[in-house]
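Below, each value reflects all heavy atoms present in this structure, side chains not excepted, and no hydrogens, waters or symmetry copies. Predicted, not measured: the structure shown is a model, and the values here were computed from it. Starting from 1, each residue takes its place in the sequence as its number. Counting starts at 1 for both ligands and their atoms, following the listed order.
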Amino acid sequence: MTEALTTTDTTTPYILECGYEQVWIEKSGKRFPAWKVRLETGSWWRSKLDFLVLSRQSSVPLPKAAFRQLAQESPWQRPDPAVEKRSDDRWKPYMKKSLQILDHFLLTVRKNHAQAWSLFSRQCDTENLCSSPSDHIDCRQSKQLGQYFCSIDNAKHLARVLMERLITDQVSDWVIIEPSCGHGIIIEALVEEVQQSITGWKILGLDVDSEAVSHCRHKHSTNSSMSQIQWIAADFLSSSKRDFGIDDSEPCIVIGNPPFHLAQEFVDHAMEEYEARVVVFVMPRRLCGEAGRSYAYGEDYECEYIELESCDFHFQGDPVKSIKQPSLIQCLRRRK
Ligand SMILES: C[S@@+](CC[C@H](N)C(=O)[O-])C[C@H]1O[C@@H](n2cnc3c(N)ncnc32)[C@H](O)[C@@H]1O
């Protein structure tokens with residue numbers, strides 16, 4: 001068991017750090033320390049839940065007393081055996097035994113339960129746990145902004161729905177607004193879908209996060225088919241079409257994947273402030289009616305819901321941080 005405490009063998013799993021920050025668990029309303037674990041794939045943050053799932057799936061009991069004791073002492077970093085004097089005073093020698101027990105638990109699961117281990121040793125931090133303090137702040141801000149981006153397939157699906165089912169008028173001067181554009185993949189999918197007929201359209205990608213907007217500008221700066229798109233840092237909910245030089249005679253279409261906690265506000269603002277002819281949004285399923293049916297939506301709009309091919313979203317636009325959110329495409333069309 002002592003082998004793991006001093007090993008430099010990177011195939012042996014062991015705990016490196018605990019309580020990097022106390023992690024707020026929304027569902028239980030409690031805080032738990034996070035654990036940084038050295039795995040074959042790198043060093044990743046894991047939550048208490050990850051350990052419990054590992055124990056349940058492998059049927060190897062989690063050494064609860066050792067786990068609790070180490071958690072109570074957090075934050076601490078595992079002492080480097082090569083360094084005599086450590087700067088971390090929170091490390092107490094009696095914790096060594098508990099740490100060895102926990103290392104042994106990891107080693108046992110890894111040796112004997114490949115399936116449970118493969119989930120635990122995945123190559124990313126657990127959702128909401130990040131590998132540096134600045135990442136952690138980014139993570140929190142991203143969550144507050146609802147930065148769960150569309151998969152490419154869903155972005156293409158949205159663009160197809162707009163072009164095949166909703167743009168039936170032969171209008172050459174549409175103004176297309178993506179009010180929460182993130183890294184711009186819905187606009188990218190739309191440009192690909194539309195190809196030449198895009199000439200004459202005004203296309204705006206807005207996002208309240210100026211870094212997301214810079215990302216779009218940078219990413220598309222050399223792509224000539226994206227050169228007419230304006231990327232603007234703005235809060236959609238306090239914007240009006242006049243802010244962007246759109247006058248009342250220009251027909252607006254609003255398309256996107258709004259932050260889910262503000263989804264209804266985005267719909268209302270698109271209809272009321274932008275007087276959009278068409279609004280196509282990915283929406284949380286709880287706010288939607290039944291897919292495949294049409295509904296009246298207020299006095300001026302008709303509404304249809306369409307199933308998405310998958311409900312996968314990527315936190316901060318990173319496909320590795322994939323999560324599922326029950327959702328549908330909501331299409332609103334203004335009655336003539
Ligand atoms: C669910 S993500 C969607 C990103 C992109 N549409 C996609 O699916 O790839 C929501 C985006 O809305 C942005 N956002 C949040 N509140 C906003 C607001 N009030 N105005 C504009 N953008 C906002 C976030 O920064 C985030 O990038």
Review point. Do Tyr148 and Phe260 have their ring centres less than 6.0 Å from each other?
Key: no
Check your understanding: Would you say the side chains of Gln147 and Ser142 form a donor-acceptor pair under 3.5 Å?
Key -> yes
Review point. Less than 4.0 Å between a side-chain N and a carboxylate O, is that true for Lys96 and Asp103?
Key: no
Exercise for review: Hey, can you tell me if His269 and Phe236 have their rings parallel, tilted or perpendicular (30° and 60° cut-offs)?
Suggested key: perpendicular
Review point. Hey, does the Lys NZ or Arg CZ of Arg46 hover above the aromatic six-ring of Phe120, less than 6.0 Å from the centre and inside 45° of the axis?
Key: yes
I'd like the atom pairs linking ligand 1 to the protein - N or O on both sides, separation under 3.5 Å - with distances to 0.1 Å.
unit_1, atom_1, unit_2, atom_2, d
ligand 1, 6 (N), Glu178, OE2, 2.8
ligand 1, 6 (N), Ser180, O, 2.8
ligand 1, 8 (O), Cys150, N, 2.9
ligand 1, 8 (O), Asn257, ND2, 2.8
ligand 1, 9 (O), Cys150, N, 3.4
ligand 1, 19 (N), Asp235, OD1, 2.8
ligand 1, 20 (N), Phe236, N, 3.0
ligand 1, 22 (N), Val208, N, 3.2
ligand 1, 25 (O), Gln147, NE2, 3.0
ligand 1, 25 (O), Asp207, OD1, 2.7
ligand 1, 27 (O), Asp207, OD2, 2.7

Check your understanding: Just how far is it from atom CZ of Arg293 to atom SG of Cys288, taken to the nearest 0.5 Å?
Key -> 13.5 Å
